[in-house]
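One structure is given below, encoded as structure tokens.
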Amino acid sequence: MNRGEPPNIVKSRSIQFADSNVADKEQSALIKFLKETNTPMMPEKKIALVSFKTNLRLRDNECLFTAVLENDIVVPFYCLDDHLFQTTAFQFKKAGAFRLKFLKESLQQLDQDLRAVGSGLVLVKGNPEEEILKLVKEYGAQRIYAEKEAAPEELITQKKVTDKLLSLNCSFSTFECRNLYHADDLPFSLEQLPDVFTAFRKSIENTVSIRPVLPKPLAIVSPPMAALNLAVLNELDSTDIIADPRAAIQFKGGTEQAQQRLHYYFYETSALSTYKQTRNGMVGERYSSKFSAWLALGCISAREIYEAIKEYDVAYGANESTYWLVFELFWRDYFGFCMQINPKRYFQRKGNIQSVAVNTDQFNIMLNHWVNGTTGVPFIDANMIELKLTGFMSNRGRQNVASYLCNDLCLDWRYGAAYFEQQLIDYDVCNNWGNWAYLAGVGNDPRKNRYFNIDKQSAIYDPDQVFQQLWLKA
Ligand code: FAD
């Protein structure tokens, strides 16, 4: 699809950069650059750091867009947070091998995309509050541009960063990069967000405009950038992953792969035109869009997908399927906004049903059976094995295994959510904890006890047991 060239949003500048061979001498090249451009002597020269986290793209990135508009020099960076490698209170790793591999691929692509416009990605690892402080000092940055966070842990990290910056005269601004709708455009304040999804959807869908996709900068003025830090990047490698040929899709991170997937789903296969009928499927690459992993790291934005759907509607005709993909993106927004207004609610144990008291040994045995797909319930086990071996599970599968953990095993739902956090290649804090809380009766759902009858579900959604045979055969 030819969208036409976006306008060059960078004013022309006379700064010339040193040769990119400076990789090993980053520090001295930076000093030379600052001297040559008189940066320290010219306080009017504005230097900004742009934080990349779950907005790993150049297009439709409000952070980057605003930073490039408002500053003379922009330094894009990603801080690989040490916490990602830790084990949580729920016994699982924060990020498992599938997530880390996808992140690695996405960062490599982001660096390539940035280099194509004259910049590059600074990759650091450690505690964000310490690493970002070092970057501010190193580059003499006066301002940091970052994504708006919604969830408690992420907010705490951001607060630690902003506290450290107080002493440095460096400001910290956040921008919305996740949702279809901009919070500023909602017809109500976030505190008045409807408690029920349908009320939320009805209040926005025909009344509020979705902002157009922001163009990507055609040029970014940065100091000489060393090659992507491979030592840090290689921390994301894992020997634990063996590509399973049964996987619904072989995910690969990055903006290019996201666009290829969109092209495949919309234009090569027209699968979008039948999405509403197929979306509850469980086998193969066409039953649903599989956009979730790229959305989770921001390799594609919800607005980019929305615009592509509207273009598809014009070219091939709108129908209830093309509408339904937008409908699902409304759900994504809803969980995003819910998290913003009440972050702690989505991590509380108290729910309606997980009340059966089990001792620790019993608890661990039951949880392990669930995790490893050895509960003896074929529909549950097949889904859990798929998740373990591929990092992905269909939406239908997720609902069933979550209900099973909450309602049949009567275990604390947060262990299920924490395992998903480790394992899901598309882990998104708002979607994951929001959906789990919703099913556990802790979220906004007015109905208590969302029980899925597993036998019935299996009979409806896997009537010939194609899915179960795929994952349970020896
Ligand atoms: P499609 O059916 O093609 O939908 C398109 C997009 O709409 C998805 O990529 C997603 O961004 C959004 N979407 C669809 N369903 C939902 C939903 N129920 N809630 C919010 N957004 C939705 N989704 C994640 O992206 N990350 C998670 O960590 C996550 N954890 C979940 C945990 C549980 C217990 C449940 C029940 C659902 C979870 N989901 C999560 C939502 C949903 O299952 C996945 O988004 C979907 O299966 C991903 O496949 P897809 O991209 O092919 O979806």
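Order of listing sets the numbers, starting from 1, for every ligand and every atom in it.
Ligand 1 places these atoms under 4.0 Å from at least one heavy atom of L295: 9 (O), 11 (O). Heavy-atom proximity to R332, at under 4.0 Å, picks out these atoms of ligand 1: 11 (O), 20 (C), 21 (N). The D428 neighbourhood of ligand 1 comprises atoms 26 (N), 27 (C), 28 (O), with distances under 4.0 Å to a heavy atom of that residue. Proximity to F420 (heavy-atom distance under 4.0 Å) selects the following atoms of ligand 1: 32 (C), 34 (C). Near L325, meaning under 4.0 Å from any of its heavy atoms, are these atoms of ligand 1: 3 (O), 5 (C). Close approach to F335 involves these atoms of ligand 1, each under 4.0 Å from a residue heavy atom: 19 (N), 20 (C). Contact atoms of ligand 1 toward F392: 49 (O) (distance under 4.0 Å to a heavy atom of the residue).
Residues D313 and K310 are paired through a salt bridge, judged by an N-O separation under 4.0 Å between the basic side chain and the carboxylate. Using a cut-off of 4.0 Å between Lys/Arg side-chain N and Asp/Glu carboxylate O, K125 and E131 are scored as not salt-bridged.
Atom 3 (O) of ligand 1 has as its closest protein heavy atom S289 OG, 2.6 Å. With hydrogens left out, the protein atom closest to atom 6 (C) of ligand 1 is L329 CD2, 4.1 Å, a heavy atom. Looking only at protein heavy atoms, the nearest one to atom 24 (C) of ligand 1 is N431 ND2, 3.4 Å. Counting only heavy atoms of the protein, atom 42 (C) of ligand 1 lies nearest to N395 OD1, 3.4 Å. Among all non-hydrogen protein atoms, the one lying nearest atom 50 (P) of ligand 1 is K290 N, 3.5 Å.
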Pair F379-Y404, ring pair (Phe, Tyr, Trp, His ring centres under 6.0 Å): steps then yes or no = CA-CA 10 Å; F379 193 60; Y404 184 77; over 10 Å; no
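In this structure, F327 and W324 have parallel ring planes: the angle between them is below the 30° cut-off, well short of the 60° mark. The aromatic rings of Y145 and F175 sit parallel, their planes meeting at an angle under 30°, below the 60° perpendicular limit. Below 30°, between 30° and 60°, or above 60°: for W433 and F347 the angle between ring planes is between 30° and 60°, a tilted geometry.
Checked against the 6.0 Å centroid threshold, Y334 and F200 count as a close aromatic pair. A ring-centre distance under 6.0 Å is not found for Y181 and F337.
Scanning for ring pair (Phe, Tyr, Trp, His ring centres under 6.0 Å) contacts around F392 gives F251, with sequence neighbours left out.
When the options Q399, K276, R398 are ranked by their closest heavy atom to atom 46 (C) of ligand 1, first place goes to R398. Considering each of R450, E328, E421, R279, the one bringing a non-hydrogen atom nearest atom 15 (N) of ligand 1 is E328. Here atom 8 (C) of ligand 1 lies nearest to S292 when heavy atoms of S292, C430, C406, A248 are compared. Residue S288 holds the heavy atom nearest to atom 52 (O) of ligand 1 of all those in S394, S403, S288, G281. Of the candidates I249, N280, N435, it is N435 that places a heavy atom closest to atom 37 (C) of ligand 1.
Residue D426 places at least one N or O, backbone or side chain, under 3.5 Å from an N or O of ligand 1.
Residue D60 forms a salt bridge (Lys or Arg N to Asp or Glu O under 4.0 Å) with just one option from R178, R303, K216, R211, and that option is R303.
Both the backbone and the side chain of N432 come within contact range of ligand 1, each with a heavy atom under 4.0 Å.
Of all non-hydrogen atoms in Q340 and A150, the two that sit nearest each other are CG-CB, 3.7 Å.
In this structure, N432 contributes its side chain and F420 its backbone to no donor-acceptor pair below 3.5 Å.
In this structure, Y275 is part of the shell of residues with a heavy atom less than 4.0 angstrom from ligand 1.
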